[in-house]
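So the structure is just underneath, and the comments pick up after that.
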Amino acid sequence: MLSCMHEHDGPLTRLRRSHEQAVLELLRKHGPLSRAELGDRSGLSRTTLHDIVAGLVGNGSVVVATPHVEVRKRGRPVEKLSLNPAAGEAVGIDFARRAVHVAAVNFAHEVIGSASEAHAADLSWPERIDIAERLLAAPGAVHLDALSAIGVGVVGPITDPGSEKARARGTDGLPDLLRKRFGVPVLLDNNTRLAALAEAVWGAAADSSDVLYLRLSHGVGGGLVVGGALHRGRNGLSGEFGHITVDPAGRPCECGGSGCLETRASLDAVLYRYREAGGRADDLAAFLDAAVAGERSALDVLERVGIDIGGVLAAVCQAVGPGVIVVGGELAEAGPALLGPVERALREQLMPMARPHVDVRRATLGETGSALGGIALVLHESPLLSHYPRPGSEEDA
């Protein structure tokens, strides 16, 4: 009977909740925004937005602050709205090959802290989780009882839970292990893709919504952020730039192909090419020192590697059209000696009309980038980052 219908079931109440959720989602994804920015991004009228914001501030979901550094030309401070920092915290964990990296932020997008610990390559998942829990439980690190979700990065492609590939890689039970340990939902993705997302949110490409990220490390991989969202591709295989063929007659690659970029631009491949040229450095640090000192063989190798990388990036750019390319990983520490050849080869092979619209930058977030990307994944995708229920959730019933 209509007389028995609860007020919260009415269409006007549902519409209001959808507007509130839209505002919360924008603050969750973008961090602090002014009312004008919220109006532009939400499409809500000024009157409706004013009413919605007043309600969210009133119930404690949103707080208002006046940044000292942002002042209008006439001197009137610009108020910023953000999710209440006290509403909870989000954690990112990067299970790298030989280390665990953790980072945490509150819901106002303020980084609380980060930490790392190296370990042996054959350490079990429970032992790696022990390291993560210890790092997060350090004094002043994170209030574990305030967690709402965890974003986790792992090495390699992310396959469906329960699949043969997931079992073979040992990641099949990882989300369940983490959920049992921390008691919150877990979002899992490839750690290199998460580094791409982090650079787009907090790092070198924070001013762009279309980003191509390339990591040059023991392996070569990357990620794409398209329209501000992480692109995974079917079966989680997006961003495998290291397995684009550079030389069909080149060295065999572990992926089953030959002459992939990874066989020419990974750390081991670069050192191999350097020693073939007569170089004597035993490790990457010595190789980079040789390049800084102007050793011709080291600079020549970086030139050739940069040309290979630039060609691959040009091919991807023609298909995707990013505004910013971010290059990270240990090899990026070579700086202009590598990035100069990369950019020259890229621009030579791009369509002329595209050349002015692509900006090559070095990554800025370092080894904690993937852990921060896990947090970005949570902030962008988890439905559990506000005490206010989502439309259609059980709490609405």
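This one's a predicted model, so the numbers in the text were calculated from it and none came from an experiment. Side-chain atoms are counted along with the backbone in the values below, which use heavy atoms only and exclude waters and symmetry mates.
Considering all non-hydrogen atoms of both residues, Gly259 and Arg264 come closest at O-CD, 4.4 Å. The shortest heavy-atom contact between Ser266 and His218 is CB-O, 3.4 Å. The heavy-atom pair separating Ala200 from Val211 by the smallest distance is CB-CG2, 4.0 Å. Heavy atoms only, all atoms of each residue included: Thr364 and Gly203 are closest at OG1-CA, 3.4 Å. Residues Arg128 and Arg97 approach most closely at NH2-O, 4.1 Å, considering heavy atoms. Residues Val312 and Phe241 share a closest heavy-atom pair of CG1-O, 4.1 Å.
To the nearest 0.5 Å, atom CG of residue Leu288 and atom CG of residue Leu331 are 7.0 Å apart. Here CG of Asp210 is found 12.0 Å from NE2 of His231. Values are rounded to the nearest 0.5 Å. One distance of note links CZ of Arg304 with OH of Tyr274; it measures 12.0 Å at 0.5 Å rounding. Of the inter-residue distances, the one linking Arg35 atom CZ with Ile52 atom CD1 reads 12.5 Å to the nearest 0.5 angstrom. Taking NE2 from His30 and OG from Ser209, the interatomic distance works out to 9.5 Å, rounded to the nearest 0.5 Å. Atom OG of Ser370 sits about 10.0 Å away from atom CG of Asp189, to the nearest 0.5 Å.
Side chain of Glu262 to main chain of Val220: a donor-acceptor pair is present (N/O by atom type, distance under 3.5 Å, no hydrogens or angles). In terms of modelled atom types and a separation under 3.5 Å, the side chain of Asn84 and the main chain of Val63 share no donor-acceptor contact. Judged purely by atom type and a 3.5 angstrom limit, Ser208 has no side-chain atom pairing as donor or acceptor with the backbone of Ala205. A donor-acceptor pair is defined here as one N or O able to donate and one able to accept, closer than 3.5 Å; no such pair exists between the side chain of Ser238 and the backbone of Gly233. Side chain of Arg275 to main chain of Asp282: a donor-acceptor pair is present (N/O by atom type, distance under 3.5 Å, no hydrogens or angles). For the pair Glu37 (side chain) and Ser34 (backbone), a donor-acceptor distance under 3.5 Å is present. Remark: the backbone N or O of Val23 is not paired with any side-chain donor or acceptor of Ser42 at under 3.5 angstrom. With hydrogens and angles ignored, the 3.5 Å screen pairs no side-chain donor or acceptor of Arg193 with any backbone N or O of Leu224. Side chain of Asn190 to main chain of Gly156: a donor-acceptor pair is present (N/O by atom type, distance under 3.5 Å, no hydrogens or angles).
A salt bridge between Asp176 and Lys180 is absent, with no side-chain N of the basic residue lying under 4.0 Å from a carboxylate O of the acidic one. A salt bridge is defined here as a Lys NZ or Arg NE, NH1 or NH2 lying under 4.0 Å from an Asp or Glu carboxylate O, and Asp308 with Arg273 meets this definition. The residues Glu199 and Arg361 are annotated as not salt-bridged, no charged nitrogen and carboxylate oxygen being separated by less than 4.0 angstrom.
Hydrophobic clustering (ILVMFWY, side-chain heavy atoms < 4.5 Å, transitive): Val246 and Leu214 are in one cluster. One hydrophobic cluster, built from ILVMFWY side chains closer than 4.5 Å, holds both Ile375 and Tyr213. Under a hydrophobic clustering in which Ile, Leu, Val, Met, Phe, Trp and Tyr are joined whenever their side-chain heavy atoms come within less than 4.5 Å, directly or via other members, Ile93 and Leu123 fall into the same cluster. Note on Val154 and Leu136: same hydrophobic cluster, where clusters join Ile, Leu, Val, Met, Phe, Trp and Tyr whose side-chain heavy atoms are under 4.5 Å apart, directly or indirectly. Two different hydrophobic clusters hold Val327 and Val225 under the rule that ILVMFWY side chains link at heavy-atom gaps under 4.5 Å.
For the pair Leu212/Val320, no side-chain contact is recorded, criterion being any heavy-atom separation below 4.5 Å from C-beta on. Within the 4.5 Å cutoff, the side chain of Pro175 has no heavy atoms near those of the Leu178 side chain. Using a 4.5 Å heavy-atom threshold, the side chains of Val152 and Leu187 count as separate. At least one side-chain heavy atom of Arg134 sits under 4.5 Å from a side-chain heavy atom of Ile131. Side-chain contact check for Leu230 versus Leu194: some heavy-atom pair is nearer than 4.5 Å. Ile129 has its side chain within reach of Phe95: a pair of non-hydrogen atoms, C-beta onward, lies under 4.5 Å apart. Arg215 is listed as a side-chain neighbour of Asn191, based on a closest heavy-atom distance under 4.5 Å. Two residues are said to be in side-chain contact when any heavy atoms from C-beta on lie closer than 4.5 Å; Lys80 and Leu33 fail this criterion.
More than 12 heavy atoms of other residues, nucleotides or ligands sit less than 6.0 Å from atom CZ of Arg179. Within 6.0 Å of CZ on Arg355 lie more than 12 heavy atoms contributed by other residues, nucleotides or ligands.
Shown are Val270, Leu338, Leu267; of these, the side chain to side chain contact (heavy atoms under 4.5 Å, CB included) with Leu216 is made only by Leu338.
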Pair Leu188-Leu174, side-chain contact (heavy atoms from CB on, under 4.5 Å): steps then yes or no:
CA-CA 9 Å; Leu188 191 70; Leu174 180 58; 4.1 Å; yes

Between Leu299 and Arg296, does the side-chain contact (heavy atoms from CB on, under 4.5 Å) criterion hold? Intermediate values first, please.
CA-CA 5 Å; Leu299 294 175; Arg296 190 70 260 160; 3.5 Å; yes

Go through it in stages, so that I can follow the logic: the residues are Ser258 and Cys253, the test is side-chain contact (heavy atoms from CB on, under 4.5 Å), and I'd like the CA-CA distance, side-chain angles, deciding distance and then a yes or no.
CA-CA 5 Å; Ser258 297; Cys253 179; over 6 Å; no

Would you sort out whether Arg16 and Thr48 count as a side-chain hydrogen bond (donor to acceptor under 3.5 Å, both in side chains), showing the intermediate values?
CA-CA 9 Å; Arg16 180 184 178 87; Thr48 300; over 6 Å; no

Could you walk me through whether Leu346 and Cys317 pass the side-chain contact (heavy atoms from CB on, under 4.5 Å) check?
CA-CA 9 Å; Leu346 170 69; Cys317 284; 4.2 Å; yes

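Of the N and O atoms on the side chains of Thr368 and His101, not one donor lies less than 3.5 Å from an acceptor on the other residue.
Stacking of Arg251 on the aromatic ring of Tyr272 is recorded, both the 6.0 Å distance cut-off and the 45° axial limit being met.
Sorted by first then second residue, the side chain to side chain donor-acceptor pair (under 3.5 Å) pairs that include residues 327-349, not counting sequence neighbours, are Ser217-Glu330, Glu303-Arg344, Glu343-Arg347.
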